[in-house]
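Have a look at the structure below before the remarks.
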Amino acid sequence: MFVVFTGVSKKLETASKKAGCQSLQLWVKSASNHMYWVAASSGEDSELKLDKWKSIMNHIADKHTGHSDRFPKCAHGPIGERCWLEAGSKPYKVMDGIITSSYLLRDIGQLSPLYQTYYLEVFHNVVNHFAPKSIHFFHRAMLVRMYLSALHFNENSDKQQARTKEGRLQWRVNYPKAKKGATAAVKQVKVENTYGTFFIY
Ligand SMILES: [Zn+2]
């Protein structure tokens, strides 16, 4: 799954370095967001996922209606000026080649609903904690660290939101690094981790 998400971003990033294609840089984040939205909003409906996904090629050319029977118009509200691409221009064609490649379309149809992706992401973070990529571990050590990751994840991944003494739900403001701290997001404060299933940390 991650391969699909990161693969498109990387391909667009690389393509934006081609002569005359710098404008693609401005659509990398949008394409990635769009993919998450397609995964999150379509259930198991592969056809709908594909129709939604392909609509981005109209959207980037400032065309927001007339996409397809299943997904006739963009779901966003009124939208301001963007760096629209002209249909048929070089960057448009390059992006089209990436967005509608047969390999990618096959994967898009099989995207899981978002919650699965979210938990996989959380699990990857846990693995990174117990087995940092910067350190080399031999097979047995790696295996044990994977076991620890799985135990920790199973015990703590479905935690309740923390409450104050007065019983109010706790929240915090987060500045995601991926957005270089420029965007704030409100996140739930979770109850503390527990370590009941193992003792080494
Ligand atoms: Zn649109």
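Ligands are counted one by one from 1 in listed order, and the atoms in each one are counted from 1 as well. Just so it is clear, the structure is predicted and the values come from calculations on it, not from any experiment.
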Neighbouring protein N, O or S atoms of the Zn ion (ligand 1), below 2.8 Å: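 Of the protein's nitrogen, oxygen and sulfur atoms, 4 lie under 2.8 Å from the Zn ion (ligand 1).
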
query: Any chance the side chains of His67 and His59 put a donor and an acceptor closer than 3.5 Å?
result: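 Judged by distance alone, the side chains do not pair up.
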
query: Do we see a donor-acceptor contact under 3.5 Å between the side chains of Lys52 and Ser42?
result: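 Ser42 and Lys52 do have a side-chain donor-acceptor pair below 3.5 Å.
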
- prompt: Would Leu85 end up clustered with Ile79 when hydrophobic side chains under 4.5 Å apart are linked, directly or stepwise?
  reply: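 Shared cluster, yes.
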
- request: Among Ile56, Ile108, Ile99, find the one that has a side chain to side chain contact (heavy atoms under 4.5 Å, CB included) with Met35.
  value: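 The single option meeting the side chain to side chain contact (heavy atoms under 4.5 Å, CB included) with Met35 is Ile108.
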
Using residues 134-143 as the side-chain source, report each donor-acceptor pair under 3.5 Å to any protein atom, sequence neighbours left out, with the distance given to one decimal.
none

- prompt: OG of Ser32 to NZ of Lys29: how many Å apart, nearest 0.5 Å?
  reply: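 Those atoms lie 5.0 Å apart.
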
